Amino acid sequence: MLLAVLFSNTDGNILIERFHGVPAEERLHWRSFLVKLGAENLRGAKSEELFVASHKSVYIIYTMLGDVCIYVVGKDEYDELALTEVINVIISSVKDACQKTPTERLFLDKYGKVCLCLDEIVWKGMLENTDKSRIRRLIRLKPPTDF
Amino acid sequence: MASGQESAGMTLMDLITSDPSAAATSSSSTAAPSTLGKPVITEKKSKRATLMQIQNDTISAAKAFNPIKSYPQKQKKKPVSYAQLVRSIHELAATSDQKSSQRQLVHHVFPKLAVYNSVDPSVAPSLLMLHQQCEDRTVLRYIYYYLARILSDSGAQGLSPGGGIPTPNWDALADIDAVGGVTRADVIPRIVEQLTAEALNADIEVHARRLAALKALTAASASNSEILGKLYEIVFGILEKVADTKGKRRKGVFSKGGDKESIIWNNLQYAALSALRRLPLDPGNPVFLHRAVQGVSFADPVAVRHALAVISDLAARDPYSVAMALGKQALPGGALQDVLHLHDVLARVSLARLCHTLSRAPALNERPDITSQYSSLLYQLLLDPSDRVCFEAILCVLGKFDNTERTEERAAGWIRLTREILKLPEAPSVSSKGSQPKDALPPKPSSEKPASKVRRPQPLIKLVMRRLESSFRSFSRPVLHAAARVVQEMGKSRAAAYALGVRDIDEGSQLHAYAENIEFLDSDPHDGSQSEAIRKASLLSNRAGRLDTIAGLLASLMEVVRMTVACECVYVRGMVIKALIWMQNPHESFEELKSIIACELSDPAWPSALLNDILLTLHARFKATPDMAVTLLEIARIFATKVPGKIDADVLQLLWKTCLVGAGPDGKHTALEAVTIVLDLPPPQPESTSGLTSVDSVSAVDPKSALALQRLVQAAVWFLGENANYAASEYAWESATPPGTALMMLDVDKMVAAASSRNPTLSGALTRLQRCAFSGSWEVRIIAVQALITMAVRSGEPYRLQIYEFLHALALGGVQSQFSEMQLSNGEDQGASGTGLGSLISPMLKVLDEMYRAQDDLIRDMRNHDNNKQEWTDEELKKLYETHEKLLDLVLLFCYVPRAKYLPLGPTSAKLIEIYGSRHNISASAGLNDPAVATGISDLVYESKETPKGAETIDPDLAMAWVTGLEDSAWGSNVPAMEKVNEFLTGAGTDAPDVEEENITSRPSVTYEDMWAKTILETYEAEEDDARSSGTSSPESTGSVESSISSHFGGMSYPSLFSSRPSGYGVSQQLEQRSATTSSRLGNTSFGGPSSTSEGLGSPIREEPPSYSTSVLQRFESFENPLAGRDAQTFGSQDDADGSENPQFGKALYDFTAGGDDELSLIAGDEVEIDYEVDGWYHVRKKRPGRDGKMAGLVPVLYVSSS
């Protein structure tokens, strides 16, 4: 189960969040936990370098993409490596949507597009599409495989 | 732009709209509400007020959403509000045919609206209108996005399950706004209807919209059965049309080619299976299974992934029918084989899980052909290029499938890993259809597929080890973390195998031997049945070949694992340490592990949650292998010394306890030693002087961790006192030494020598505690003295005498220094002096004095009777019995002892007590306080000899049976020991394990306490009991696993060690009162008057330095001579209680007219009863109602003279 996908800026402001199966009262904990994790480890990190953390049986993979921090949280079949798949898909389609490694401004300008991409990637707590070009087609309401 | 410092503290909406260009356009769209009337607008206008109201809500919600505190900021641009966005949608929807409107929607309105987790239902009509009329694909894509959000919104305060800034609670507002309010209930059916119609539309031209509509529909909550039904209908409808194609399959399809029709079908297949995956499983439904199985052969990789996931979920429930439905798919050439080459990691992961489930399913035991197909598939996945898939396959082989831990399954996994020989046709990356005809032979009973000549058969373990080793060389942190986790799971399986006594895995034996044998076997294909025998035989073959033994492989793997500790990510390191702990063999030296951990812990980067997690790993490791208790305790000690501030003392105590209980008869001494080593720690050294890696140096340089270390030491001391008797198997009530012999040993040296020769464990613990009582900090000394008294009460001679001597010396030391202070006093208070424990010790000493005196009396009486050849009269017996009972009550003030067994008068009294007890039908557990005895009824009931067993009482014999059952025999072998511990751990919170765990010490005492709490205590007050709880066996020990994890040590308040449970002190005190009332004779024994000694000792408050927290003071105060002062009424608690009960009366001084409902009018001279005072007002009660009929209310304090 993909519990959460979260985007924040370098100051720890949350830009996008998608939770699944996390009770509302726990979300605040997750937000602050993740933001703290990022603040402690992501400073000076290379873009797209993956970081890992775990909390009990929950795994967290996070990274920095330009000015944007991305966190994914999962458990069970979404372990570190599956989350790595997820975050790689997210990274590639965010870059695709922004046309390059995003600055915060660029990311916010493409906010809607990123949301749509995310909608295609994570669907009800499961990874859906992984192919960049397929996602690009889907957010334009074209069929996944075009003819 | 607005990034960096400037944006700190802004809301998300601020951030998004802070772009000048974007803001300019958006404000032009929103700030100029056009007058392009139309129905939508009028509806909107009626809601204008509501919208404004909502706008405020939303902005504040958006601010709250930001977890980082928001600073007051100067806003350059007004952020677009939710209400403005909504208004724009309504307006633009009306003009959706214009290009500019569409652009406006796509570029400004929809993206900004996405900040919110959902939109409110009032937007839905406009969205639906756009959905029908708009042609622009991007607009439509957003429409589906928002419709899905509305559907998924559960309607609770606008807080959708997805997260994001909450939208206002529209339903509530719409209800209030009766005119034209739109609620969810109104729009959901419309949305569903429209989307359903679209999802059923078979027109090829719009099939992309069809997919999107279906997807949006699945967002609806699963609780809505109506929508679910519709969804099933749609999905199965689509699948019926498209699933049955004989897939002209693969490869070609994705590369541009492929006819249009089949591509559309593929897309529909994908959409249908994706939707199916999101629908609840329908295990009994053959159609469901059938469609999912068909999905495996679909062309779309995502569809295949979903199909496999669904099937593997189903297989967990009904493996047989799944295997039947899959039929030949698993055979070479079948669809499952194709999945091996599918470029979708999660699909292969699902395949691994499916194969594992089916190959291990008991339901398929009859069909070895099927299970072998699947295990062969599983082994092929071990060669998968993706680490994720390979690790999943390894975990499956190891028996780690889901979160349920079954030891047998795990042990079988280890055997499989170490025994299995793999003969794979070719690496899947190379294998292709070419090899399939050759492989498509009927599968043989032996689990391997026929070997192709290319690859030598390999031992499974070698393959796995090699793979793991190469993973550990990766630079990617996730891969390292995952690999360490796999090693940890391997360690778990190995431990399980050992625990089950699978000893015949000779890790030193050679692997090639098997391989060759098997190869030999395979050349003779009819001979599969003998393979097992030959494998066993091959175990014996013993050619030296260091690297090819299991032990050699493991060693080289562990070498790599250890190197990984150098990773800079603490989580990876944490996982590595866990893996090392699990892979640690009980018989190997653990010096290396110890030094690794000690070295690691010096790093300040470790978060405390992770450290506690590792401590719990130690705990789990102990559960698996109780042999390792001492090793693990040593490791735990490193945590205690290195990072005292970060670990939870409760987790540590839990570990200690479990280890002590589980360590077995021989291990108990060592286990206790390991715990008490904490006490011998040298004081923390400055960081510079201590070697970083030294295990024994304590690093607690900052005040916080110094305090935490202090707390750990307290916990250890307490633990020692509470459990020393258990560890030493020494109990007064089982001691054979007659009391007289103790007196002969009054020579101190002899006494100590006798003690240590009789029971080194106990005397060792005693020595440690004595040292703590002398030299520890204030808090430690208090606990040490309490621990000592506990031991004194519970142990027989000569320990009791030894402790008595010691305590006596301590008390005297205190007195002497006080005297000297008085003499030398030059008017200055010299502060703390002596041991400072006088007031604590004196009541304890008095009890011991009482016991010894009573023992002497008894011996004298017995001698008299013997000399005079006199029978004991009933009156004498009664007196004796009463003394016995009284002493028992006193003893129980300090710690728990089993009432029925404990003989304060010494073993010789047993007979007389028993005679009296049986003569008068007194149950041993209840004693004189048994109401029947107290009222004399029991004397009338001579017939019934059976001890009444109330539901609330634990039969002490039963308790003792537990004790003895546990004592030595039960721990003789490991397996039952482990089961016991497991029972204890899994049964957290139940009653029974506590008895096991704590032995006799505390659980029954709670029962007694509860009993008394129920029967006697009415005026019980929790606080006072808390303050007085010191002497009893602490509730800490009685807590279940859960309760002890919840922090009793939380905060610095020391008494929390003896946390909130109503404990024995207060209870016994009540009990004492009762016994005083029921039998008056007890009252005037030697306990009566406060003696001068106790007065002298009982003035502790001046002794102690003022800096201690009030709780300690209060607690200490409460200790002020609780025993001596019955006449003097030093029980402040009772005074207080009475005081609060006492009504206070007063008289109205002046007339007062009530100014409000809660006030009360008074006429001068009215007699009132004052209930309480609050802020300058009395709440008073009049004798009779006044003119206004009111009896009680508030009056100003100054108007009433309180008497």
Side-chain angles (χ1 to χ4, degrees), chain A residues 4 9-22 24 27-28 31-32 35 41 50-57 59 61 67 76-77 79-85 103-105 108-113 115-116 119 123-124 126-130 139-147, chain B residues 1-3 7-8 10 12 15-16 19 22 65-68 110-111 114 137-138 140-142 145 159 161-164 207-209 211-212 215 218-219 254 258 260 263-264 266-267 270 274 277-278 300 302 344-346 349 387-388 391 403 476-479 481-482 569 571-572 575 609 613:
Chain A
N9 65 8
T10 41
D11 301 314
N13 295 321
I14 288 166
L15 303 179
I16 302 182
E17 60 173 9
R18 295 285 177 271
F19 286 104
H20 189 266
V22 181
R27 287 182 195 164
L28 194 61
R31 282 178 205 130
S32 41
V35 164
N41 298 302
L50 296 186
F51 289 79
V52 66
S54 58
H55 182 74
K56 305 211 172 99
S57 57
Y59 308 99
I61 296 286
D67 290 347
D76 299 334
E77 71 266 37
D79 65 2
E80 317 89 343
L81 296 176
L83 290 177
T84 307
E85 301 277 324
T103 61
E104 187 180 344
R105 184 68 262 156
L108 291 173
D109 285 344
K110 303 287 179 189
Y111 193 85
K113 223 174 190 183
C115 285
L116 291 184
D119 191 44
W123 177 2
K124 282 200 133 185
M126 290 172 217
L127 179 63
E128 182 67 16
N129 290 299
T130 52
I139 64 168
R140 294 187 187 127
L141 206 67
K142 290 182 179 156
T145 316
D146 222 340
F147 27 86
Chain B
M1 291 244 181
S3 64
S7 68
M10 290 195 178
L12 187 49
L15 290 174
I16 289 189
D19 184 335
F65 174 57
N66 190 335
I68 305 299
F110 281 144
R137 283 175 178 277
T138 321
L140 281 171
R141 181 63 189 83
Y142 275 111
Y145 175 81
L159 195 65
H207 90 281
R209 291 186 66 172
L211 306 190
K215 178 177 175 177
T218 60
F254 291 113
K260 191 174 171 187
I263 289 175
I264 290 174
N266 285 342
N267 289 339
Y270 152 72
S274 284
R277 175 85 175 104
R278 270 78 188 182
D300 190 294
V302 183
D344 190 302
V345 172
L346 287 178
V349 170
D387 283 326
R388 175 70 185 88
F391 289 171
N403 293 325
S476 154
R477 295 183 191 88
V479 173
H481 194 267
C569 170
Y571 290 95
V572 172
M575 193 48 92
D613 210 25

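First the proteins, then the strands, lettered A, B, ... as listed; each starts at 1. On a predicted model such as this, the values are computed, not experimentally measured, just so you know.
Within 6.0 Å of atom NE2 in H55(A), 12 or fewer heavy atoms from other residues, nucleotides or ligands are found, so the atom counts as exposed in its surroundings.
Using a 4.5 Å heavy-atom cutoff, the side chains of L211(B) and P144(A) are in contact. Using a 4.5 Å cut-off on side-chain heavy atoms (C-beta onward), R141(B) and K142(A) make no contact. A heavy-atom distance below 4.5 Å is not found between the side chains of M575(B) and V52(A).
The main-chain N or O of L141(A) is found under 3.5 Å from a side-chain atom of R137(B) such that the two form a donor-acceptor pair. Judged purely by atom type and a 3.5 angstrom limit, N267(B) uses its side chain to pair as donor or acceptor with the backbone of T145(A). Between the side chain of R277(B) and the backbone N or O of M126(A) there is no donor-acceptor pair closer than 3.5 Å.
Pairing each heavy atom of C115(A) with each of Y145(B), the nearest pair is CB-OH, 3.7 Å. Here the closest heavy-atom approach between residue A482(B) and residue E80(A) is recorded as CB-OE1, 3.4 Å.
In this structure, the portions of L127(A) lying under 4.5 Å from any heavy atom of chain B include both its backbone and its side chain. At a 4.5 Å heavy-atom cutoff, the contact between L50(A) and chain B is made by backbone and side-chain atoms alike. If you measure heavy-atom distances from S54(A) to chain B, the contacts under 4.5 Å come from both the backbone and the side chain. If you measure heavy-atom distances from D613(B) to chain A, the contacts under 4.5 Å come from the side chain alone. Looking at V479(B), both its backbone and its side chain come within 4.5 Å of chain A, counting heavy atoms on both sides. Proximity to chain A is limited to the side chain of Y270(B), based on heavy atoms less than 4.5 angstrom apart. Contacts between H481(B) and chain A at a heavy-atom distance below 4.5 Å involve backbone atoms as well as side-chain atoms.
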Next on the checklist: Is there a side chain to side chain contact (heavy atoms under 4.5 Å, CB included) between W123(A) and S274(B)? Walk through the geometry before answering.
Outcome noted: CA-CA 9 Å; W123(A) 177 2; S274(B) 284; 3.6 Å; yes

Checklist entry - Where do K215(B) and K124(A) land on the side chain to side chain contact (heavy atoms under 4.5 Å, CB included) test, with the steps shown first? => result CA-CA 10 Å; K215(B) 178 177 175 177; K124(A) 282 200 133 185; over 6 Å; no

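Ranked by heavy-atom pairs under 4.5 Å with chain A, the first of T218(B), I264(B), D344(B), L140(B) is T218(B). Between chain A and the options D387(B), V302(B), T138(B), heavy-atom pairs under 4.5 Å are most frequent for V302(B). When each of E128(A), R140(A), K56(A) is scored by its heavy-atom pairs under 4.5 Å with chain B, the top score falls to E128(A).
Taking OG1 of T84(A) as the start and CZ of R477(B) as the end, the distance is 11.5 Å to the nearest 0.5 Å. Interatomic distance, CG of L116(A) versus OH of Y142(B), reported as 4.5 Å (0.5 Å rounding).
R388(B) has no carboxylate O lying under 4.0 Å from a charged side-chain N of E77(A), or vice versa, which leaves the two without a salt bridge.
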